[in-house]
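Have a look at the structure below before the remarks.
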2 protein chains.
Amino acid sequence: MTARLPARFTAPRAATLPPVSPRPTLRDVATAAGVHPATASRALNEATRSLVRPATVERVREVASALGYQVNPIARSLKTSRSETVGVLIPDLTNPLFPPIVRGIEDALGASGYTVLTANTDNDPARESSNFAAMQARQVDGFIVATARLDDPLMHEAALRGVPMVMVNRQTEQLDVSVVAGDDATGIARTVDHLVGLGHRDIAHVAGPLDVSTGAVRLRAFRTAMQGHGLPDDRVVVAEAYSEAAGRTASLELLDGAVPTAVVAGNDLLAIGSYDALEERGLICPDDVSIVGFNDMPFIGRLRPPLTSVRVPQYELGVEAARLLLDRLSGRTVTPRVVLLPVQLVVRGSTAPPRG
Amino acid sequence: MTARLPARFTAPRAATLPPVSPRPTLRDVATAAGVHPATASRALNEATRSLVRPATVERVREVASALGYQVNPIARSLKTSRSETVGVLIPDLTNPLFPPIVRGIEDALGASGYTVLTANTDNDPARESSNFAAMQARQVDGFIVATARLDDPLMHEAALRGVPMVMVNRQTEQLDVSVVAGDDATGIARTVDHLVGLGHRDIAHVAGPLDVSTGAVRLRAFRTAMQGHGLPDDRVVVAEAYSEAAGRTASLELLDGAVPTAVVAGNDLLAIGSYDALEERGLICPDDVSIVGFNDMPFIGRLRPPLTSVRVPQYELGVEAARLLLDRLSGRTVTPRVVLLPVQLVVRGSTAPPRG
DNA sequence: CCCGAGGCTGCAAGCGTTTGCAAGACTGGT
DNA sequence: ACCAGTCTTGCAAACGCTTGCAGCCTCGGG
């Protein structure tokens, strides 16, 4: 029996296109192939394909591609209550840190047929909750969360209930969810090594906000590294946010006391703020003060002076997070893992031996 | 009658949370409120609310919020074949031009209850087609497209068929879809005015690829502006892509002839490439050659020297694109519109009067 | 020759909503 | 008191797919 297509699909495309294109349905395929919709479904579905006779599979698939059939994911989701969709929560796409991460996530998930829903929370608990809820309503299969606020009750409860979730670039001890992040501690240690190697002894740290995990982690790493060199670990000022302005404020505070010969900034943005502060005080980088950033943002090497920074493999962070989530979704892995990706100190013009 | 909740919803949350949370369904709400699901649906639905007695509406809404009911968008989509979702196609999220645009889109659409699906195409026709198709399958209500390739047959046909679609940051004459972009022509004109005002007469243009609309538009604007000043308009070299490397190559080619006193780059990335080329040739910006960019990317003012550039309101571009699409989706506006947002020349340290 | 066991396929229910249709309850006018 | 019209609500059928269950057919062994 040859597959006969319903007239509406074989009709030649008129020069004046009809306003709406009726997508063929599974039933259309089934009748055209002379089988029951259930059989067509099984034939088209990877997992159930083995249940139907090879010849039938072949026929159905041919008809399906002839009709240009594509399964309707909505209907499928309704039935299976899975959506092949994951939600990605980030604070702000405009922050240069996140685009590469998101891109990595989309590439990795897309390769497995998943699509991603992103939302910006601006670290606002209300936005975060509503976005999270909206995504849950849309039946996302899991989450990748780049915002620290796991104290959000909704998210916290969801995590406890076993909603698949992996955190990226942020850590949390309170809950066992998978985490992928850069190896911040090592990055900071290398930074301090580098500065000490140049001859610096009076090294200060402009820390990021301590309620954000990276802020706390890097601060602790700084203290440890300094102690390891037998140097004072208390030259620390905490910025209120990971922003240029906060970095400037914090740095000015620092400069009001004894001026250190080197500053380890918790972040590239904070480092830029330090640039500003130095300029305001008439100090020159690196002649008077060396500065090191963190993240190695795009074009940061073209600043005046080029910023020495710790390169974090952001794209790979995203890819790895996606992979972890996929493992979890496929049921392969259940136990949470912590993956730390190696970072690399990129030395540029903002660090030099201390004057005199 | 007081609303009695089914036991499973009133059960106290155990310390050890159950692995899965059964979301209440419309039927649950209905029975709890003592009405038929259809009535509950109408009561909860903005548009049909007027059909049901106010007292009933009240009761249903109370029960709904008590149960924490949220409509299941999947089921609704299946029924209505609308999804409250729009697809956003961009070449590469990692290009600093796009995050603000996407953010603007998400903010504007999110405020109207829409969620967005983004995909990166890398300007690869194959990826573009498949992403587009996947989004169509997911029942997106419309598209915002930031990739130039409207020659894609799928997309072209969809546009002809009246699939709601707006293009951002790219133009096309061949099709009548709404477009929102920066006012490139004026931006280039202001740039040339600025340079001429500084005393430059020998001004060259490093154009972006001409098969991208911005490349062509800016080149045309450059020619027009130069002619307007009675200056030669043929000092043009076309870069192969909007990238640093392509900018460097094109600029080197330019510098191999008579060195101009000023360069109008089609793009900030191209301008950075020009920086590189200048440096290689031992020339100083702005002493030997002035350079102007386009887009005013983040931190571009912190380069060495700070780049004079044309600021494009990217976030607003996204917002406006979203607004246009929303208008279209709500049926308010049907005829395509072209919206050009004003740009602004930001003068910094990369432009100065010509030497001598 | 009969019977049990597989291998394929069809049947039908149901996922959670929306919505055309119709029935019941009122209202007011005559 | 009756009837037409208006409100309010219920009924049931979809939307397009998946899946447990059951039935059919075929085949090989006893």
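So you know, we letter chains A, B, ... as the sequences are listed, proteins then strands, and number each from 1. The basis for the numbers below is simple: all heavy atoms, side chains too, and nothing from hydrogens, waters or symmetry mates.
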Would you call A:Glu58-A:Arg61 a salt bridge at under 4.0 Å N-O?
no
Audit row: A:Leu44, A:Leu26, side chain to side chain contact (heavy atoms under 4.5 Å, CB included) steps and yes/no:
CA-CA 10 Å; A:Leu44 262 17; A:Leu26 184 59; 4.0 Å; yes
Ion pair B:Glu46/B:Arg49, N-O distance below 4.0 Å
yes
Electrostatic pair B:Arg103-B:Glu106, nearest N-O below 4.0 angstrom:
no
Are there any protein N/O atoms within less than 3.5 Å of an N/O atom in nucleotides 6-8 of chain C, and if so, which ones and at what distance?
none

Quick check: do A:Arg328 and A:Val166 have side-chain heavy atoms less than 4.5 Å from each other?
no
Would you mind reading off the bend of the helix from C:dC1-D:dG30 to C:dT30-D:dA1 from its two end axes, five pairs each, to 10 degrees?
60°
Heavy-atom check, side chain of A:Val319 versus side chain of A:Asp107, under 4.5 Å
no
Reading nucleotides 15-23 of chain D from the 5' end, what letters show protein touch, with B for base, S for backbone sugar-phosphate only, - for no heavy atom under 4.0 Å?
BBBBBB---
Applying side chain to side chain contact (heavy atoms under 4.5 Å, CB included) to A:Arg337 and A:Asp327, what does each step give before you reach the verdict?
CA-CA 11 Å; A:Arg337 263 182 292 170; A:Asp327 277 0; 3.3 Å; yes
Could you measure the distance from the CD1 atom of B:Ile74 to the CD atom of A:Gln139? Nearest 0.5 Å is fine.
5.0 Å
Between A:Asp122 and A:Arg127, does a side chain to side chain contact (heavy atoms under 4.5 Å, CB included) hold up when you go through it step by step?
CA-CA 8 Å; A:Asp122 284 325; A:Arg127 286 193 65 162; 3.2 Å; yes
Identify the heavy atoms of B:Ala137 and A:Asn72 that sit nearest to each other, and give their distance.
O-OD1, 4.4 Å
